Amino acid sequence: SAQTALSWIRSHAVAFGLAENASSHFLEKCDVHLHFPAGAIPKDGPSAGVTIITALVSLLTGRCARADTAMTGEVTLRGLVLPVGGIKEKILAAHRGGVKRIIMPARNEKDLIDIPKNVRDGVEFTFVRQIDEVLAAALEGGHPAVMPSGAMGATQAEAHA
């Protein structure tokens, strides 16, 4: 997940203002080290792709992630958000922790049937298909860049903010 996140960000470095052109990669001049606490369970990694990208984009662009928001989902190199398992447990844990907004894969929307009504009613769900939708919903002020053609542009990102 972490390697995919770095690769995706590298491929969009110009759009985020992290590189002057496609051949000048910001990562050539800096090193990124991601540490996950020892308590993490190895099989949990694939659910963290959208979160890792969001954290890195937040760090590199100076845009804060919304404190009231949790998220889950895996991401491909093309930015597609893939469904994940354990949705019920993740939503219940987020709700217990006071989270008011959850961003999750659109293909996991069907899993809400397993969530108690009082929990569903107490949380705002944002269902996403692409990582640019995640960034628009997760970062304060919306999406931090104009995406390349075929992806979300600034006007669309502002509408999602």
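All values derive from a computational prediction rather than experimental measurement.
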Should [X] and [Y] count as side-chain neighbours, where that means a heavy-atom distance under 4.5 Å?
X: Ile91; Y: Met104; answer: yes
X: Ile52; Y: Trp8; answer: no
X: Val75; Y: Thr4; answer: yes
X: Ile102; Y: Met71; answer: no
X: Ile9; Y: Val57; answer: yes

From Ser11 atom OG to Leu6 atom CG, the distance as rounded to the nearest 0.5 Å: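 With rounding to 0.5 Å, OG (Ser11) is 11.0 Å from CG (Leu6).
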Looking only at side-chain N and O atoms, does Thr69 offer a donor or acceptor that is under 3.5 Å from a partner on Lys100?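 Thr69 and Lys100 do not have a side-chain donor-acceptor pair below 3.5 Å.
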Would you say the side chains of Glu74 and Ser1 form a donor-acceptor pair under 3.5 Å?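 Yes - a donor-acceptor pair under 3.5 Å links their side chains.
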Sidechain-backbone polar pair: Asn108 side chain, Val84 backbone, donor-acceptor under 3.5 Å: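 A pair under 3.5 Å: yes.
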Donor-acceptor contact present, side-chain Lys88 to main-chain Ile113, <3.5 Å: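 Not a single qualifying donor-acceptor pair exists.
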Any idea which heavy atoms bring [X] and [Y] closest together, and the distance?
X: Ser58; Y: Ala65; value: OG-N, 3.7 Å
X: Arg66; Y: Ala137; value: CD-O, 3.7 Å
X: Ala70; Y: Ala94; value: CB-CB, 4.4 Å

Test question: given the 4.5 Å side-chain rule for I, L, V, M, F, W and Y, name all other residues clustered with Leu80, or answer none.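 Leu82, listed by chain and number.
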Are Leu92 and Phe125 joined in one hydrophobic group, where the rule is that I, L, V, M, F, W and Y side chains link up if heavy atoms are under 4.5 Å apart?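 The answer is yes; both residues are in one hydrophobic cluster.
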Against Val50, only a single residue in Ile103, Thr72, Val134 fulfils side chain to side chain contact (heavy atoms under 4.5 Å, CB included); can you say which?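 By the side chain to side chain contact (heavy atoms under 4.5 Å, CB included) criterion, Val50 pairs with just one of Ile103, Thr72, Val134: Val134.
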Any pair with a residue in residues 119-131 that passes side-chain hydrogen bond (donor to acceptor under 3.5 Å, both in side chains), sequence neighbours left out, goes on the list, sorted by first then second residue, please.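 Of all non-adjacent pairs touching residues 119-131, those that pass side-chain hydrogen bond (donor to acceptor under 3.5 Å, both in side chains) are Lys117-Asp121.
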